[in-house]
Amino acid sequence: MKLSVGKYQNELEMLCSYFHNEKVAERIWQKDYTLWSDKPDEISNRLGWLNSPASSLKLLSEINEFVSSVQKDGFKKALLLGMGGSSLAPEVFRLTFGVKEDYLDLAVLDSTDPASVKYFENNFPVEETLFIVSTKSGGTVETFSFMKYFYNQTLKKVGKEKVGNHFVAITDPNSGLETTAKELNFRKIFLNDPNIGGRYSALSLFGIVPAALIGVDVKNILQLAEAFSFTTKLNNCNDNVSAKLGLIIGLLAKNKIDKLTFINSKKLSYFGAWVEQLIAESTGKIGKGILPVVGEDILEPKQYSNDRVFVHFHLKNENDLNEKINALTNEGFPVIDISIDDYNEIGSEFFKWEFATIVASWVIKIQPFDQPNVESAKVVARKMVQEYKETGKLSELPISCEENGIKITSNFQSSSVRDQIQNFLSQLEKQNQDIPLPYVAIQAYVQMNKNNEELLQKIRTAIQQKYKIATTLGFGPRFLHSTGQLHKGDAGNGLFIQFIYDPEIDLPIPDEAGNDKSSISFGVLIKSQALGDRQALLDNNRKLITINLGKDIQSSLEKIFDCVK
Ligand SMILES: O=P(O)(O)OC[C@H]1O[C@](O)(CO)[C@@H](O)[C@@H]1O
């Protein structure tokens with residue numbers, strides 16, 4: 001790891017001495033909750049991941065046996081149903097490593113958008129698909145909805161005798177999913193160490209079982225990660241890179257350099273979504289937070305404000321971004337350069353960032369293992385679903401402006417989409433000096449596909465350039481289990497652009513597995529989630545505009561881009 005922290009070098013050295021004197025590394029390994037709180041709740045039982053590499057190594061023969069059994073049964077594909085910490089590490093493994101010959105092609109479903117669910121139904125024929133139902137709590141609404149939907153589809157195709165054979169659960173002992181999986185006769189139930197939270201679970205069964213299914217050399221990854229983990233026991237931060245990383249991030253955040261901007265090389269770009277959840281959900285609460293910025297276009301140094309710290313993450317021989325990185329360093333921005341020799345070191349990187357995040361949380365005085373604001377959006381969404389069940393309809397948003405199929409809900413009185421958007425973004429110009437610089441978060445409740453991503457990215461970059469601020473892009477409801485915590489829990493410096501649309505198709509969510517009776521659809525669920533989060537953001541005094549793109553997402557997004565420019 002190479003560092004350039006400019007004028008913060010002295011403060012960093014002082015902080016390193018303090019870390020050393022306080023024996024922080026040693027105390028982390030002793031699971032000393034007082035580092036973050038005066039109460040042990042959701043801390044003492046959340047540090048099990050420190051031992052994940054060793055514990056998972058011990059489970060390898062069971063995992064390998066399972067992989068052989070599904071290969072023998074002819075499964076070609078695997079669809080992982082899960083949210084946040086239960087799905088992001090498997091996605092990193094799949095997109096980074098690809099699929100080894102004779103292993104299963106894996107994808108992650110973490111969207112309740114009907115078009116997304118339909119996409120996976122069309123592309124993952126149930127006869128050859130293994131469904132991995134992955135949820136720590138064992139009751140997450142999205143995960144259960146996917147499970148019931150695909151269970152019923154599979155039941156119809158393969159019959160009662162064989163359906164359970166297509167399902168595997170990864171969950172905590174005694175969870176709702178464990179009970180359901182037993183009732184439905186799943187082929188296998190993996191019970192994880194309950195002392196591990198979702199976003200810290202990459203090297204536990206939640207990450208390792210899916211990785212083994214696609215043929216990743218998990219043994220090597222875990223051995224490297226275990227060896228690396230020993231370095232995190234050292235109190236001297238010059239020997240403990242993970243600690244040093246955390247100290248820098250925490251120190252800079254305290255100085256309002258709180259936009260941790262990842263510039264990942266092409267081959268390691270998929271790591272971004274995982275690290276984004278880890279940092280946002282761990283640090284974004286009680287009016288504080290470090291905003292992870294992932295996937296932004298890289299601009300000239302003069303186009304950034306002084307709230308940025310950059311992380312350049314790349315393979316050693318991938319140097320194509322060096323020029324841009326050097327330009328940022330020369331301009332005086334803090335830059336952290338992390339390189340790895342080969343993909344198998346990714347396990348050590350998971351560990352490094354987990355450790356760094358809890359050290360940064362110690363610096364900024366945050367409890368890194370809970371997510372207090374996630375529940376608030378869920379509560380409103382549940383109320384809406386209940387209302388729908390009773391009345392047969394969802395409450396409608398008041399419309400402030402309607403033009404060319406686009407409907408906007410905002411606080412502004414203007415009948416033009418352009419004025420609405422410009423008025424909303426002009427709030428970026430009035431800055432509150434007491435809190436860090438603002439950012440814009442685009443929250444898109446649309447299908448996460450190439451076309452939509454490209455158009456949303458165009459809008460994002462236009463805002464980034466015009467206002468010289470940090471921007472993020474998240475797809476709903478996926479981001480609700482990632483940056484969603486920080487959006488509602490941080491200092492309140494975010495501006496939120498929420499995109500929803502009117503889906504052409506909808507799909508019923510079965511009330512229970514094995515029975516087609518359905519009270520709500522995926523379309524109703526995703527809308528309730530969007531409106532629930534909208535309400536939770538407003539309840540936390542966040543600035544927000546909701547834009548309904550109508551039926552033609554592409555042409556509406558083009559129009560919005562035109563209004564932002
Ligand atoms: O694994 P579970 O319990 O389904 O939770 C999924 C995700 O939801 C959250 O609990 C809240 O967003 C995350 O922390 C977690 O990773």
Side-chain angles (χ1 to χ4, degrees), residues 42-43 45-46 48-49 52 80-92 108-112 131-148 168-181 189-210 273-285 289 292 350 353-354 357-358 361 366-382 443 474-489 525 529 532-533 536-537:
E42 253 189 290
I43 301 179
N45 62 353
R46 286 291 177 273
W49 55 270
S52 280
L80 188 143
L81 316 173
M83 304 304 295
S86 295
S87 58
L88 291 168
E91 190 180 76
V92 175
V108 164
L109 171 59
D110 60 1
S111 174
T112 47
F131 294 94
I132 308 167
V133 190
S134 215
T135 159
K136 171 185 169 61
S137 60
T140 297
V141 63
E142 293 93 335
T143 312
F144 254 73
S145 303
F146 305 143
M147 188 269 282
K148 291 184 288 186
V168 49
I170 309 177
T171 189
D172 274 8
N174 305 318
S175 76
L177 177 60
E178 188 192 357
T179 311
T180 306
I189 303 172
F190 284 104
L191 295 178
N192 207 50
D193 174 357
N195 298 311
I196 300 175
R199 53 191 178 272
Y200 295 85
S201 67
L203 298 175
S204 74
L205 291 170
F206 281 101
I208 294 305
V209 171
W274 176 83
V275 82
E276 182 182 44
Q277 186 214 11
L278 175 72
I279 291 165
E281 232 181 29
S282 299
T283 70
K285 56 196 80 159
F350 283 137
W353 280 98
E354 287 167 1
T357 301
I358 64 170
S361 302
I366 282 283
Q367 197 302 45
F369 303 109
D370 64 358
Q371 50 283 328
N373 299 87
V374 173
E375 189 55 23
S376 58
K378 288 188 192 164
V379 169
V380 193
R382 273 200 291 270
Q443 308 177 329
F475 287 83
R478 172 183 167 107
F479 79 86
L480 291 176
H481 298 276
S482 171
T483 46
Q485 163 59 39
L486 173 130
H487 292 165
K488 297 175 282 278
L525 178 58
Q529 293 181 298
D533 194 46
L537 286 162

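Each ligand, and each atom within it, is numbered from 1 in the order the structure gives. Keep in mind it's a predicted model, so treat the numbers as computed, not measured.
Residues satisfying the salt bridge (charged side-chain N to carboxylate O under 4.0 Å, His left out) criterion with Glu178, sequence neighbours excluded, are Lys182. Residues passing the side-chain contact (heavy atoms from CB on, under 4.5 Å) test with Ser52 are Trp49, Ile196, Leu203, Ser204, sequence neighbours excluded.
Not one N or O of Gly198 is nearer than 3.5 Å to an N or O of ligand 1, by distance alone. Close N/O approach between Ser134 and ligand 1 is not found [any backbone or side-chain N/O within under 3.5 Å]. Annotation: Lys378 places no N or O atom under 3.5 Å from an N or O atom of ligand 1; distance criterion only. Here's the thing with Thr143: none of its N/O atoms is less than 3.5 angstrom from an N/O atom of ligand 1.
Proximity to Arg199 (heavy-atom distance under 4.0 Å) selects the following atoms of ligand 1: 14 (O). Close approach of ligand 1 to Ser86 (heavy-atom distance below 4.0 Å) involves ligand atoms 1 (O), 2 (P). Residue contact check: Val374 has heavy atoms under 4.0 Å from atoms 11 (C), 12 (O) of ligand 1. Distances below 4.0 Å separate heavy atoms of Thr135 from the following atoms of ligand 1: 1 (O), 2 (P), 3 (O), 4 (O). Atoms of ligand 1 lying under 4.0 Å from any heavy atom of Thr140, numbered from 1 in the order shown and given with element: 2 (P), 3 (O), 4 (O), 5 (O). Each of the following atoms of ligand 1 lies closer than 4.0 Å to a heavy atom of Ser137: 2 (P), 3 (O), 4 (O).
Checking side-chain atoms of Ser87 against main-chain N and O of Gly82 turns up a donor-acceptor pair under 3.5 Å. A distance-only check finds no donor-acceptor pair linking the side chain of Glu281 to the backbone of Gln485 [under 3.5 Å]. A donor-acceptor distance shorter than 3.5 angstrom exists from the side chain of Ser282 to the backbone of Leu278, with no hydrogens or angles considered. No donor-acceptor distance shorter than 3.5 angstrom exists from the side chain of Lys285 to the backbone of Gln371, with no hydrogens or angles considered.
With respect to atom 16 (O) of ligand 1, the closest heavy atom belonging to the protein is Gly85 N, 2.7 Å. Atom 7 (C) of ligand 1 has its closest protein heavy atom at His481 ND1, 3.5 Å. Given atom 14 (O) of ligand 1, the protein heavy atom at minimum distance is Glu281 OE1, 2.7 Å.
Contacts between Gln277 and ligand 1, counted as non-hydrogen atom pairs separated by less than 4.0 Å, involve the side chain only.
The distance from atom CE of Met83 to atom NE2 of His481, rounded to the nearest 0.5 Å, is 4.0 Å. Between Arg478 atom CZ and Thr483 atom OG1 the span is 10.0 Å, to the nearest 0.5 Å.
For Phe369 and Tyr200, the distance between ring centers is under 6.0 angstrom.
Screening Ile132, Leu109, Asp110 for a side chain to side chain contact (heavy atoms under 4.5 Å, CB included) with Leu80, the sole residue that qualifies is Ile132.
Considering only non-hydrogen atoms, atom 10 (O) of ligand 1 lies nearest to Gln371 out of Glu142, Met83, Lys136, Gln371.
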